[in-house]
Amino acid sequence: MSRTYRRKTSWGSTPLEEIERAASEVKGGKSIRSVAKERQIDRSTLRRYTKKRDTQEVKSVGYSGTASAKRVFSEEVEKELAEHIKKLAEQFHGISPKKCRELALELAGRNNIPTPSNWTEKGLAGKEWFKNFLARNHLSCRMPEATSLGRATAFNKTTVGEFFDNLAKVIDR
């Protein structure tokens, strides 16, 4: 999928309530074709929805099977990876985007999660996956800057508190 995907059709854009009402009419005995024509709903969408409704699998309207089928990690594993990256950043061990992509491949390998073939060829996760991963988890992964141990340890609660106490005294004068 390209970075700037623009939808070209309006399939699956009918509101859930409208499809629910149409499915009730179909359940009442009307044909799918006539109800779809009356309500101006795509016939295939209505048929798919009624089938899903009968088996109690309704998550959304329209066909979104490919989005969940192409996911590499489950939501729990992605959340765990995001938390690990955040924890590294808090400990002043930020990782580069390339290292993060390598970490994702390593995580998939250790948990026996199937990955796309280009991941194993290149030895790291794909750029598109990485971009979408950052967006899904509200992360920012950049080249880390070197931080000296003195600077990292000096930035603590007591030092910062003293600074603001001194600042308050100066403002009061």
Side-chain angles (χ1 to χ4, degrees), residues 1-20 23 41-42 44-160:
M1 185 187 319
S2 66
R3 287 179 197 265
T4 55
Y5 174 77
R6 264 183 265 128
R7 191 178 181 133
K8 296 165 191 71
T9 66
S10 61
W11 293 353
S13 60
T14 309
L16 183 63
E17 298 83 29
E18 181 68 24
I19 291 207
E20 183 66 40
I41 299 172
D42 184 53
S44 301
T45 303
L46 183 57
R47 183 183 304 120
R48 191 178 310 113
Y49 183 83
T50 53
K51 280 184 181 179
K52 283 183 181 180
R53 184 175 162 197
D54 292 341
T55 59
Q56 303 296 327
E57 294 179 12
V58 178
K59 294 179 186 173
S60 65
V61 180
Y63 188 70
S64 60
T66 57
S68 59
K70 291 183 178 181
R71 296 277 310 258
V72 176
F73 297 116
S74 65
E75 288 183 31
E76 297 84 31
V77 175
E78 270 199 7
K79 189 173 183 179
E80 185 180 315
L81 180 61
E83 291 299 320
H84 180 68
I85 292 170
K86 286 179 187 175
K87 189 183 290 184
L88 286 173
E90 288 172 3
Q91 296 173 348
F92 299 102
H93 290 289
I95 57 175
S96 67
K98 187 174 181 179
K99 195 72 176 168
C100 184
R101 290 166 58 197
E102 289 173 358
L103 185 66
L105 179 67
E106 184 180 334
L107 177 67
R110 288 190 180 184
N111 292 328
N112 296 324
I113 298 171
T115 58
S117 59
N118 67 333
W119 285 28
T120 50
E121 289 169 10
K122 294 180 180 178
L124 42 88
K127 289 180 183 179
E128 290 294 322
W129 175 87
F130 180 66
K131 178 186 140 308
N132 294 328
F133 168 73
L134 293 181
R136 279 191 301 269
N137 293 289
H138 308 292
L139 292 175
S140 173
C141 199
R142 300 187 179 114
M143 277 299 285
E145 285 188 23
T147 307
S148 66
L149 183 62
R151 185 173 181 186
T153 55
F155 191 73
N156 57 32
K157 193 173 185 177
T158 55
T159 311
V160 173

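For CD of Glu80, the number of neighbouring non-hydrogen atoms (other residues, nucleotides, ligands) closer than 6.0 Å is 12 at most. Counting non-hydrogen atoms of other residues, nucleotides and ligands closer than 6.0 Å to NZ of Lys131 gives a total above 12.
When all heavy atoms of Thr50 and Ala23 are compared, the pair lying nearest together is CG2-CB, 3.8 Å. The shortest heavy-atom contact between Ile19 and Thr14 is CG1-CG2, 3.8 Å. Looking at every heavy atom in both residues, Val72 comes nearest to Ile113 through O-CG2, 3.3 Å. Closest approach of Glu18 to Ile41, counting heavy atoms only: CG-CD1, 4.0 Å.
Glu106 CD to Asn111 CG: the interatomic distance, rounded to the nearest 0.5 Å, is 10.5 Å. Going from atom CG of Asp42 over to atom CZ of Arg48 covers 7.5 Å, rounded to the nearest 0.5 Å. For the atom pair Lys127 NZ and Arg101 CZ, the distance stands at 6.0 Å (nearest 0.5 Å). One finds the CD atom of Glu78 at 10.0 Å from the CG atom of Leu139 (value rounded to the nearest 0.5 Å). Rounding to the nearest 0.5 Å gives a distance of 10.5 Å between OH of Tyr49 and CG of Asp54. From Ile85, atom CD1 reaches atom SG of Cys141 across 5.5 Å, with rounding to the nearest 0.5 Å.
Applying the salt bridge (charged side-chain N to carboxylate O under 4.0 Å, His left out) test to Glu83 and every residue at least two apart in sequence or in another chain returns nothing. With sequence neighbours left out, the side-chain hydrogen bond (donor to acceptor under 3.5 Å, both in side chains) criterion links Glu76 to Ser74. Residues forming a side-chain hydrogen bond (donor to acceptor under 3.5 Å, both in side chains) with Arg47 (at least two apart in sequence, or on another chain): none.
Within the 4.5 Å cutoff, the side chain of Leu107 has heavy atoms near those of the Val77 side chain.
Between Trp119 and Phe73, the ring-plane angle classifies as tilted under the 30° and 60° cut-offs.
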